[in-house]
Engineer: 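There's a structure below that I have some questions on.
All chains are named by letter (A, B, ...) in the order of the sequence lines, taking the proteins before the strands, and each is independently numbered beginning at 1.
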Amino acid sequence: MAKNIIPSVKGTREFYPEEMALRNFIYEKVRRASQQFGYQEWEAPYLETLELYAAKSGEELVKEQAFTFVDRGGSRVTLRPELTPSLARMIAKKQRQLTYPLRWWSFGPFWRYERPQKGRSREFFQWNIDMLGPDTPEADAELIAVAASFLKSVGLSPGQATIYVNNRRLMDSQFDAIGIPAESRLLVSNLVDRRNKMKEDAWQTYALEAGLNRSQLGGLIALLENKDLWKEWEDLRRLFTALDALGVSEYVEFDANVVRGLLYYTGTVFEAFDVSGSVRRSLLGGGRYNNLLADVGGDPLSAVGFAMGDVVVGIVLAENGLIPEFEPSPAPVLVTVFSEEFLAESLALSAELRKAGLNVTNYPEPAKIANQFKFANKMGMKIALILGAIEVESGQVAVKDLVSGEQVNVARADVPERIKQILASE
RNA sequence: GUGGCUGUAGCUCAGUUGGCAGAGCACCUGUCUGUGGAUCAGGACGUCGCGGGUUCGAGCCCCGUCAGCCACCCCA
């Protein structure tokens, strides 16, 4: 059948109505969580210059994994791989005109030129949410609370999704204490990232080969396994106090293993994982980054935020049976077309019902009534209306409840009310 | 970017040592003219991902390529 169809671009996503419904479901939950805390929706260009990302020194990965091409004018442009540089620019351009604390959120498409596999495509949607201005643990706690609110709103319990929290400055002080010099931090950071993926003894061997001595390794292990380490750090104590007050502490745990890309974050870091399955999957991640505005030439400005991709969230929701049932038709009512003769009558009835505030689909042509009912059934519609010779003569409409199977004849003027009754009872 | 697995009907898949292309589900039609879902009866459905090679003969073997998946890598 499907011959010679030009394939879609590798790694892109096609949203058939059912997938689009899931995307919109996620979007609605994201929007609600964001707005509950007073965040404003905003958006940035999808196309940016490569320089915007190259400006962040040390991020060659951006150059390797960004979707870049030369436009007709010879400029190098990039499909945005992340939002934060655009945020930094837009803030910097109006830094003195904006109102702080500034709370912004966004949900839009991003592109990364990666090797596609499950949970990772070249085109994805991402929720970004940030607070700029305050530099307090309580601000950090608010972002974590927003994340927890989202997880809760889609039906993920603390047992299914957990947010792990750490602090980069705490880790720096601890690394100092066990004699890991500043220039080894990147190495150690990678080591920590890797620890969950390797067997413990293999990981230790790897760590020693990578250049740690036994005393450093021992210190590192003790550090990573210390669940009470947060108590030694004022900011984390305040953070957990605030989380408790915000009512989300059941979703949050301290974990020294969370480090997240060393060069970016300056304080609190956090990452939510799906812990319902056999594999721990990252749902969202973020933290405090206080240097960003200064890096792009703005005045120093503190910031905290996180990002969440739609792909993994969709998979996790599906695996936990949390995706709402798909309703194919946004219109619960079908007006059938009895014959050519009554086509105009059906169209007029549909228009009346729409005027009464109902979503109504009119069958587009005369066809066997059985086929029109089949259509209504497949589209998940709740009510079918029949307008044939008998009904028109008596000024009535046959209203059939497709869920219960009951059918009654109703005076035409009473049809909207009758439909609303049926819909309300289901 | 590296390594591996997979690709057969709309979907999920079977297909023996190389010998006529299969199943289930979905789909279409059912006693001539006003009613969907369930059952029954009948029917249609293939570039075996694509290109090349070996062979009397390839879905099956070999090479290449594309796509999906898995592990690395990375996760802004």
Side-chain angles (χ1 to χ4, degrees), chain A residues 1-13 16 48 52-66 78 80-88 110-122 124 126 128 130 189-190 193-194 197-198 258-265 269 271 273 279 281-287 289 292 295 305-309 311-312 315 334 336-342 363 366-392 398-407 409:
Chain A
M1 276 290 222
K3 304 168 191 174
N4 298 324
I5 293 176
I6 296 168
S8 51
V9 174
K10 178 173 179 165
T12 56
R13 316 215 351 252
Y16 287 81
E48 291 279 12
L52 179 69
Y53 306 100
K56 292 205 296 175
S57 58
E59 295 212 20
E60 293 159 22
L61 295 162
V62 166
K63 294 176 201 162
E64 284 169 28
Q65 294 200 319
T78 300
R80 61 182 192 181
E82 61 166 324
L83 192 61
T84 309
S86 305
L87 171 67
F110 295 85
W111 294 263
R112 290 179 193 172
Y113 197 85
E114 295 188 282
R115 185 122 173 198
Q117 53 183 273
K118 194 174 185 180
R120 192 168 70 182
S121 56
R122 289 184 172 180
F124 56 95
Q126 197 174 68
N128 283 266
D130 298 273
S189 189
N190 284 332
D193 261 348
R194 211 174 270 266
K197 297 178 184 170
M198 298 176 75
V258 173
V259 287
R260 299 193 55 81
L262 196 77
L263 10 90
Y264 205 85
Y265 296 103
V269 287
E271 187 161 15
F273 288 92
V279 278
R281 267 187 296 229
S282 179
L283 284 166
L284 58 88
Y289 53 102
L292 192 69
D295 286 352
F306 68 85
M308 179 188 84
V311 181
V312 173
I315 292 170
L334 177 73
T336 61
V337 175
F338 191 77
S339 65
E340 192 72 45
E341 185 189 352
F342 297 110
Y363 205 81
K368 286 184 181 174
I369 288 292
N371 285 341
Q372 300 189 44
F373 270 78
K374 256 181 213 174
F375 171 79
N377 199 50
K378 282 187 197 158
M379 293 301 286
M381 302 172 110
K382 305 283 191 270
I383 292 166
L385 304 183
I386 305 100
L387 205 48
I390 301 167
E391 290 79 12
V392 171
V399 178
K400 180 160 186 179
D401 180 335
L402 292 172
V403 180
S404 70
E406 287 168 32
Q407 180 173 327
N409 278 26

Engineer: Identify the heavy atoms of A/Asn128 and A/Ala307 that sit nearest to each other, and give their distance.
Structural biologist: OD1-CB, 3.7 Å

Engineer: Polar atoms only, N or O, under 3.5 Å: list the protein pairs with nucleotides 28-32 of chain B and their distances.
Structural biologist:
residue, atom, partner, partner atom, Å
B/G30, OP1, A/Lys368, NZ, 2.8

Engineer: Could you tell me the separation between the CD atom of A/Gln117 and the C1' atom of B/A71, rounded to a whole number of Å?
Structural biologist: 8 Å

Engineer: For A/Phe342 and A/Leu387, which heavy atoms make the closest approach, and how far apart are they?
Structural biologist: CB-O, 3.7 Å

Engineer: Considering every strand and a 4.0 Å limit on heavy-atom distances, what is the contact class for A/Glu114: base, sugar-phosphate, or nothing?
Structural biologist: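 Base contact - A/Glu114 has a heavy atom under 4.0 Å of at least one base atom.
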
Engineer: Given 3.5 Å as the limit, does a donor-acceptor pair link the side chain of A/Gln372 with the main chain of A/Val337, or not?
Structural biologist: yes

Engineer: How close or far is atom C1' of B/A67 from atom NZ of A/Lys10, stated in whole angstroms?
Structural biologist: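 After rounding, the reported distance stands at 7 Å.
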
Engineer: Provide the distance between the two C1' atoms, one in B/A41 and one in B/U31, to the nearest whole Å.
Structural biologist: 12 Å

Engineer: Which whole-number value in Å describes the distance from A/Asn377 CG to B/G37 C1'?
Structural biologist: 5 Å

Engineer: When all nucleic acid strands are considered with a 4.0 Å heavy-atom cut-off, which category describes A/Gly309: base, sugar-phosphate, or nothing?
Structural biologist: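 Contact class for A/Gly309: none.
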
Engineer: Of all heavy-atom pairs between A/Val399 and A/Ile383, which one has the smallest distance, and what is that distance?
Structural biologist: CG1-CG2, 4.0 Å

Engineer: Watson-Crick or G-U wobble partner for B/C5, using a 3.5 Å limit on both distances?
Structural biologist: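 The answer is B/G68, by the H-bond criterion.
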
Engineer: Toward the 5' end of RNA chain B, which comes first, A/Tyr113 or A/Met381, by nearest nucleotide?
Structural biologist: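 Its nearest nucleotide being more 5', the pick is A/Tyr113.
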
Engineer: To the closest 0.5 Å, what do you measure between CG (A/Leu87) and CD (A/Glu82)?
Structural biologist: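 Spacing of CG (A/Leu87) from CD (A/Glu82) equals 10.5 Å.
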
Engineer: Please tabulate the protein-to-nucleotide N/O contacts below 3.5 Å involving nucleotides 2-7 of chain B, giving atom names and distances.
Structural biologist:
residue, atom, partner, partner atom, Å
B/U2, O4, A/Arg115, NH1, 3.1

Engineer: Under 4.0 Å, heavy atoms only, any strand: does A/Val337 hit a base, just the sugar-phosphate, or nothing?
Structural biologist: nothing

Engineer: If you measure from the C1' atom in B/A14 to the same atom in B/G24, how many Å do you get, rounded?
Structural biologist: 11 Å

Engineer: Taking the C1' atom in each of B/U17 and B/G4, what is the distance between them to the nearest angstrom?
Structural biologist: 27 Å

Engineer: Is the backbone of A/Arg122 close enough, under 3.5 Å, to the side chain of A/Arg112 for a donor and an acceptor to pair up by distance?
Structural biologist: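 Answer holds: no.
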
Engineer: Please work out whether the ring planes of A/Phe375 and A/Tyr363 are parallel, tilted or perpendicular, with thresholds of 30° and 60°.
Structural biologist: perpendicular

Engineer: Taking B/C66 as the reference, what is the distance to B/G52 when you measure between their C1' atoms (whole Å, please)?
Structural biologist: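 Their C1' atoms lie roughly 15 Å apart.
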
Engineer: Which atoms form the tightest heavy-atom contact between A/Gly11 and A/Pro116, and what is the distance?
Structural biologist: CA-CG, 4.0 Å

Engineer: In whole angstrom, give the distance that lies between atom CH2 of A/Trp111 and atom C1' of B/A76.
Structural biologist: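 Atom-to-atom, A/Trp111 to B/A76, this comes out as 16 Å.
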
Engineer: Please measure how far the P atom in B/U16 lies from the corresponding atom in B/G1, and state the result in whole Å.
Structural biologist: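 It works out to 35 Å between them.
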
Engineer: Nearest whole Å is fine: how far is B/G36 P from A/Tyr363 OH?
Structural biologist: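 In whole Å, B/G36 P and A/Tyr363 OH are 13 Å from each other.
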
Engineer: I need the A/Ser86 OG to A/Arg80 CZ distance, nearest 0.5 Å.
Structural biologist: 7.0 Å

Engineer: Return the value, rounded to whole Å, for the distance between atom CZ of A/Phe273 and atom P of B/C75.
Structural biologist: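 Checked: the CZ to P distance equals 13 Å.
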
Engineer: Under a 3.5 Å cut-off for both distances, is B/G30 Watson-Crick or wobble paired, and to whom?
Structural biologist: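 Pairing partner, where one exists within any strand: B/C40.
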
Engineer: Can you tell me the base-pairing partner of B/C60? Count Watson-Crick or G-U wobble geometry only, both distances below 3.5 Å, and say none if there is no partner.
Structural biologist: none

Engineer: Would you check if the side chain of A/Ser282 reaches a backbone N or O of A/Phe273 as a donor-acceptor pair within less than 3.5 Å?
Structural biologist: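 Not a single qualifying donor-acceptor pair exists.
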
Engineer: Using the C1' atom as the reference point in each nucleotide, state the distance between B/C60 and B/G43 in Å, no decimals.
Structural biologist: 31 Å

Engineer: Searching all strands shown, indicate the nucleotide that pairs with B/G22 (Watson-Crick or G-U wobble; both distances under 3.5 Å).
Structural biologist: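 Its partner is B/C13 (Watson-Crick or G-U wobble, both distances under 3.5 Å).
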
Engineer: Minimum heavy-atom separation for A/Pro81 to A/Tyr53, with atom names?
Structural biologist: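 Answer, listing the atom of A/Pro81 first, then A/Tyr53: CD-CZ, 3.3 Å.
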
Engineer: Take A/Ile386 and A/Phe373 through the test side chain to side chain contact (heavy atoms under 4.5 Å, CB included) and record every step on the way to the result.
Structural biologist: CA-CA 10 Å; A/Ile386 305 100; A/Phe373 270 78; 3.8 Å; yes

Engineer: Report the distance from atom CD of A/Glu271 to atom P of B/A76, rounded to the nearest whole Å.
Structural biologist: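 Whole-Å distance recorded here is 8 Å.
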
Engineer: Report all interatomic pairs (protein N or O, nucleotide N or O of nucleotides 33-35 of chain B) with separations under 3.5 Å.
Structural biologist:
residue, atom, partner, partner atom, Å
B/G34, O6, A/Ile390, N, 3.2
B/G34, N1, A/Glu391, OE1, 3.0
B/G34, N1, A/Glu391, OE2, 3.0
B/G34, N2, A/Glu391, OE2, 2.7
B/U35, O2, A/Lys400, NZ, 2.9
B/U35, O2, A/Gln407, OE1, 3.4
B/U35, N3, A/Gln407, OE1, 2.6
B/U35, N3, A/Gln407, NE2, 3.3
B/U35, O4, A/Gln407, OE1, 3.4
B/U35, O4, A/Gln407, NE2, 2.5

Engineer: Can you see which heavy atom on A/Arg13 is nearest to which on A/Ser121, and at what distance?
Structural biologist: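 Between these two residues, the closest heavy atoms are CD-OG, 3.3 Å.
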
Engineer: Roughly how far, to the nearest 0.5 Å, is the CG atom of A/Leu284 from the CD atom of A/Gln126?
Structural biologist: 10.0 Å

Engineer: Take atom C1' in B/A21 and the same atom in B/G46, then report the distance between them in whole Å.
Structural biologist: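 Straight-line distance between the two C1' atoms is 8 Å.
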
Engineer: Checking all strands, does A/Gly380 fall into the base, sugar-phosphate, or nothing category for heavy-atom contacts under 4.0 angstrom?
Structural biologist: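 No contact.
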
Engineer: Taking atom P of B/C74 as reference, at what distance in whole Å does atom CZ of A/Arg120 sit?
Structural biologist: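 The answer, rounded to whole Å, is 11 Å.
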
Engineer: Using the P atom as the point on both nucleotides, what is the distance between B/C45 and B/C56, in whole Å?
Structural biologist: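 Looking at atom P only, B/C56 and B/C45 are 34 Å apart.
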
